[in-house]
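Below is one structure; the comments refer to it alone.
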Protein chains: 2
Amino acid sequence: MTTLAEASLNHPHSSEHDHKKCVSEALDTAEHLCVVRGVQLTPIRHQVLELIWDSHKAVKAYELLDRIKPLQNAAKPATIYRALDFLMEQGLIHRVESLNAFVGCSSSGHQHEQLLLICKHCNEVEERPATEVMQALSQEFDQAGFIVHSKAIEVHGICIKCAALYDDQD
Amino acid sequence: MTTLAEASLNHPHSSEHDHKKCVSEALDTAEHLCVVRGVQLTPIRHQVLELIWDSHKAVKAYELLDRIKPLQNAAKPATIYRALDFLMEQGLIHRVESLNAFVGCSSSGHQHEQLLLICKHCNEVEERPATEVMQALSQEFDQAGFIVHSKAIEVHGICIKCAALYDDQD
DNA sequence: AATCAAATGTTATATTATAACATCCGCTAG
DNA sequence: CTAGCGGATGTTATAATATAACATTTGATT
């Protein structure tokens, strides 16, 4: 049983996985995809992506703005929103609609639209391909005659790690 | 083949179903549920619900504010947001997270969380219970050990009626 | 009549996002 | 080489969405 004090306040489950690996994989993939696609992962865009990957939590645009200012003194809302637009177009991040926030995408390049499990305790977002769910959705669209452009499948609750750490599962 | 001119601009598919019946059913159900639950469907709340049910489109909070002002001269943002909070708590409306907008719930009282199909052409929102999807989701949560509090399953695209009306399906 | 809770009124402000136009910078057609 | 073009960024302003905090009203209960 892990105690609350053992876990960092900002990154509650950080000790439980090699986060540097998450970051380097995400950045490597992003750099590679941008080269292949002939689009520019400029310094600003790269920095925003890195800031987003600081954790597995969904991050607000204005929080990113605050955090990028030491690096980009001239940064304004448009600076961040343009970078976010680019990163979303390239499938490198998810917009979490129900939080107005953004989180790194672990599966850039393959299937981008995934089930997002959003923990209310630690605020981390877990992506799951959820292939059975996606298949059931496809059948539903066919039945409804609906032509899909984009999906947002977001679920809020308590993740397995927090459920183990806390008894109170509001 | 229906032409564009035949359809109302605001309610493109209104001729295709008895919308008065949608509204009266929704309001009757709401009134009944509130009595049963011992909560107050006050005039403001009732008016907001009626305004939302004016169509099957998702409506913005400030649009509701504009539309309620003739009836409630003193209406301010809080007036609307409080009514919306109440209606959501009672499961009488859905918040469409990906639009920051609101739409009436046809199945208040039974299962509230549903698949929402959101048409980019007519802006109408179709609710579907999508039981296979929900079952697949439940299995996914079990596998992930995730304790669900709420779900938002929102899909954007072109509805079957608009697909029939328009060739250009952006 | 006193009091309490729920709803609403009211003012102010926080948060999220975009519009519009200016500038910079690397590339390439002439 | 240089004029011009497109993409990225800088800059200012403002739009759109949402909440906080405190005052007042109202109807039910004691």
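Fair warning: this is a prediction, and the values are worked out from it, not measured in the lab. Reminder, nothing fancy here: chain letters follow the sequence lines and each chain counts from 1.
For the pair E89(A) CD and dG7(D) C1', the interatomic distance rounds to 12 Å; values are reported in whole Å. dA18(D) atom P lies 13 Å from atom CD of E63(B), rounded to whole Å. I80(B) places its CD1 atom 15 Å from the P atom of dT10(C), with the value rounded to the nearest Å. R37(A) has its CZ atom 18 Å from the P atom of dG7(D), to the nearest Å. In this entry the distance linking CG of L71(A) with P of dT9(D) reads 14 Å, nearest Å. If you take NZ of K60(A) and P of dA18(D), they are 11 Å apart, rounded to a whole angstrom. One interatomic measurement links the two molecules: CG of D85(B) to P of dT17(D), which rounds to 16 Å at whole-angstrom precision. Atom CG in L84(A) sits about 11 Å away from atom C1' in dA17(C), given to the nearest Å.
A salt bridge does not link K57(B) with E124(B): none of the charged nitrogens is closer than 4.0 Å to a carboxylate oxygen. Salt bridge E154(B)/K151(A): absent, no basic N to carboxylate O contact under 4.0 Å.
Mapped onto DNA chain C by nearest heavy atom, L99(A) and T42(B) fall at different nucleotides, with T42(B) at the one closer to the 5' end. Between V39(B) and N100(A), the one whose closest nucleotide on DNA chain C sits nearer the 5' end is V39(B). In this structure, A74(A) and P77(B) both approach DNA chain D, and ranking their closest nucleotides by distance from the 5' end singles out A74(A).
Using a 5.5 Å limit on the distance between ring centres and a 30° limit on the angle between planes, the aromatic ring of Y62(A) does not count as stacked on the six-membered base ring of dT15(C). Residue side chain Y81(A) fails the stacking definition with respect to dT18(C), as its ring centre and the base's six-membered ring centre are not both under 5.5 angstrom apart and under 30 degrees in plane angle.
Looking at H17(A), H94(A), H13(A) one by one, the single match for ring-ring contact (aromatic ring centres under 6.0 Å, His included) with H56(A) turns out to be H17(A). E140(B) pairs in a side-chain contact (heavy atoms from CB on, under 4.5 Å) with only one of the listed residues (L115(A), V155(A), T131(A)), which is L115(A).
Applying the 4.0 Å criterion to OP1 and OP2 of dT12(D), one finds that K76(A) has every side-chain N and O outside that range.
Taking only side-chain atoms of I44(A), from C-beta outward, the nucleotide of dT10(C), dG7(D), dT9(D) with the closest atom is dT9(D). The side chain of Q40(B) lies closest to dA7(C), out of dA7(C), dA18(D), dT11(C). Distances were taken from every side-chain heavy atom of R45(B) (C-beta onward) to each of dA7(C), dT17(D), dT9(D); the shortest belongs to dA7(C).
Side-chain atoms of Q139(A) and E132(B) form no donor-acceptor pair, as typed in the model, at a separation below 3.5 Å.
With hydrogens and angles left out, the side chain of R82(B) and the base of dG9(C) share a donor-acceptor pair within 3.5 Å.
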